[in-house]
Structures are given as structure tokens and as C-alpha cells.
Amino acid sequence: MRTWFCTIGLVMLCCLALPALAAEKAEDAPAPAAVVKPVYQIRTDRSGSQLNWLTGQLEAVGIGYATERGKMAKQQARATALAIMLQEARRALPGIHIDAATTLAAVMAGNESERLLDAALAQMVPIDERWEPARGRYTVVAVLSLFGQEGITYLGSKGLVAAKAIEVPMEQVNLLTPVPRGHTPQKFSAPYSGVIINADHVMLTPCLFPRVLRFDGKEIWGPSMLKPAAAVSGPVRYCANLQTALNEKLAGDSPLIIEAIGVGMGSYPVLNVDDVLLTLMQHKYHALLDRTPIIVTLGQSGSD
């Protein structure tokens with residue numbers, strides 16, 4: 001009888017201990033990884049491509065349709081979608097602006113064009129794929145970084161071998177009227193962690209290697225000042241607006257903020273005399289303009 005009671009007691013203890021052990025194992029087990037939603041803006045109801053300067057990538061979509069409903073239909077549709085996606089990206093690459101006057105088409109000219117195109121397209125990364133069996137449709141979204149060793153700036157930097165400072169004719173410089181006086185009021189104190197050019201109030205078209213101009217069209221910063229590593233990684237990044245750049249600390253905790261007073265050749269921010277002096281003084285003593293990437297804002301809402 002005593003043995004029977006002992007056996008019952010052991011069973012009850014085990015039953016009581018099992019939930020506790022399970023709870024311990026549940027606590028020790030790693031939490032499931034959060035699902036990361038792919039980041040892109042291009043529409044996916046049709047094949048195409050677009051430049052997304054805010055996320056820094058070329059986006060391309062390919063859609064393939066299955067010709068049959070058999071076992072291999074999905075694989076056939078996917079292969080078609082991938083081929084169309086690459087074709088769309090191939091069309092877009094030559095038109096990307098290195099600077100205001102030059103596109104990648106200039107770099108890709110000649111016998112090397114196909115090899116350079118293929119090398120760039122090999123870096124495309126599929127980030128979203130969808131199969132719709134009822135419609136026999138497969139969609140692929142892929143991206144290619146604009147910046148970095150595996151990005152488009154590496155290819156674009158090949159067109160900067162003889163880059164020199166330029167002077168833009170005043171008929172190609174559009175200034176705000178009236179031009180603001182004095183340097184931009186600063187939110188932070190020196191030493192500065194980076195540079196934000198606030199172009200929220202001017203119509204600026206992004207390019208890979210912009211130049212920063214004085215009020216009279218003369219260049220104060222551009223590709224001629226870049227070290228090779230900065231040229232390859234990309235000397236600028238574009239942001240929707242100033243507030244976003246500050247919130248996300250894209251130029252560090254204490255950036256120098258300078259207001260663009262206009263645009264040269266559509267893509268180059270122009271600064272007034274006081275901001276030029278302030279910026280060049282900081283660069284002289286702290287090499288501020290070497291702290292790339294410089295952030296350029298585009299005056300868009302956060303949802304754009």
C-alpha cells in the first residue's frame with residue numbers, strides 16, 4: 001500500500017512539474033523572427049522599373065504568366081517574370097544621371113557596354129515574389145542599390161576619372177527671389193557631425209554625383225573633392241524632407257544645416273554667400289565636407 005501511495009505521489013509531482021518545465025523551455029526558446037516587409041514603392045500590377053532616390057535603389061518588376069496549368073507552370077511563370085524584370089532594369093540603367101549633364105549611357109558606350117550592364121544586373125536582388133495559381137501569374141520585385149561597391153555609384157564613378165570643378169553659367173542657375181541674407185540659423189553647435197542641405201523649397205532633381213554651387217554658379221564641393229572610397233560608396237543620400245533627416249539622424253547627432261537658395265542645372269543646390277563662408281570655414285578646420293554622405297532633402301512628404 002505504501003508503495004502504491006508513493007507511486008501516485010510521484011505521478012502527481014511529475015504532472016505538476018511538466019507545466020513548469022514547459023514554461024521554462026518556452027522562456028529559453030528564441031522568439032520567432034519578425035517578418036520584415038520588403039521596402040519598395042513601385043506598383044506591381046504591371047512590369048516596369050523606377051528609381052527610388054529616398055530608399056536609394058532601382059526597383060524593377062517582372063510579371064510572368066503560365067501557358068499551361070500543369071506541374072511546371074509555376075516554374076515557367078517565375079522564369080518568365082525574372083527575365084522580364086531584368087529586361088526592365090536593363091532599359092532603366094543607361095538613363096540614370098551621374099550628374100546633371102551625364103548619364104550612365106556615356107559610361108556604357110562602346111564594346112564594354114554589354115559586359116558593364118550584365119555586371120550591374122547581376123547585383124539585382126529579388127525581395128518579393130508572388131504566385132497566383134488561379135490566374136497563372138508570377139510577380140517578381142527586385143532592387144539594385146544606387147550606392148556602394150555593389151551599387152550603381154561604382155559604375156558611375158568610372159565616368160568621374162577626369163572630374164573637375166565647374167562653373168555653371170548664371171542662365172542655368174535658378175535662385176529664390178529674394179535671396180535670403182545671413183547664414184542659416186543652426187539647431188546645433190560645432191563640432192558638427194555632418195551636413196544637411198535643405199532643398200525643401202527648391203525644385204531639385206537628384207543625381208548620383210551632384211555638385212554644390214556658390215550663389216554665382218561656381219562649384220565649392222563636388223566629385224573633384226571626393227576620395228575614391230567616397231565616390232564608390234556614394235557622396236550623397238537623398239531624404240524626403242528636413243524633419244525626416246533630423247528625426248532619423250542621417251547626418252549624425254549635430255549636423256550643420258544649410259539652406260539651398262536655388263538650383264543649378266536642375267540638380268545642383270546653390271548656397272548664399274554667408275552659408276558658403278560658414279561651410280568652408282568648418283571644412284577648413286574640421287574637414288566637414290569629407291564627412292560623407294552629405295544629406296540633401298527634396299521637400300516631399302514622408303509618405304512619398
Arg90/Glu114 under salt bridge (Lys or Arg N to Asp or Glu O under 4.0 Å): CA gap, chis, key distance, verdict: CA-CA 10 Å; Arg90 180 180 288 267; Glu114 288 302 313; 2.9 Å; yes

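- The minimum heavy-atom distance linking Ser193 with Pro255 is given by the pair OG-N, 3.5 Å.
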Steps toward side chain to side chain contact (heavy atoms under 4.5 Å, CB included) verdict (His283, Ile220): CA-CA 11 Å; His283 180 64; Ile220 67 164; over 6 Å; no

Trace of the side chain to side chain contact (heavy atoms under 4.5 Å, CB included) decision for Lys187 with Ile257: CA-CA 8 Å; Lys187 297 178 180 291; Ile257 303 167; 3.8 Å; yes

Audit row: Thr139, Glu132, side chain to side chain contact (heavy atoms under 4.5 Å, CB included) steps and yes/no: CA-CA 9 Å; Thr139 304; Glu132 301 169 79; 4.3 Å; yes

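- Checked against side chain to side chain donor-acceptor pair (under 3.5 Å), Gln76 has no partners two or more places apart in sequence or in another chain.
- When all heavy atoms are compared, the tightest approach of Pro223 to Arg211 is CD-CG, 3.7 Å.
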Derivation and outcome, side chain to side chain contact (heavy atoms under 4.5 Å, CB included), residues Ile258 and Val212: CA-CA 11 Å; Ile258 45 182; Val212 180; 5.7 Å; no

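- Side-chain contact of Asp275 with Thr184: a donor-acceptor pair under 3.5 Å is present, judged by distance alone.
- Contact between Trp53 and Pro206 at its shortest, heavy atoms only, is CD2-CB, 3.5 Å.
- By the 4.5 Å heavy-atom criterion applied to side chains, Gln50 and Arg43 are not counted as neighbours.
- For the pair Phe147/Pro293, no side-chain contact is recorded, criterion being any heavy-atom separation below 4.5 Å from C-beta on.
- Other residues, nucleotides and ligands contribute more than 12 heavy atoms inside 6.0 Å of the OH atom of Tyr192.
- Counting non-hydrogen atoms of other residues, nucleotides and ligands closer than 6.0 Å to CE of Met281 gives a total of 12 or fewer.
- Between Val236 and Leu208, the shortest heavy-atom contact is CG2-O, 4.0 Å.
- Counting non-hydrogen atoms of other residues, nucleotides and ligands closer than 6.0 Å to NE2 of His183 gives a total of 12 or fewer.
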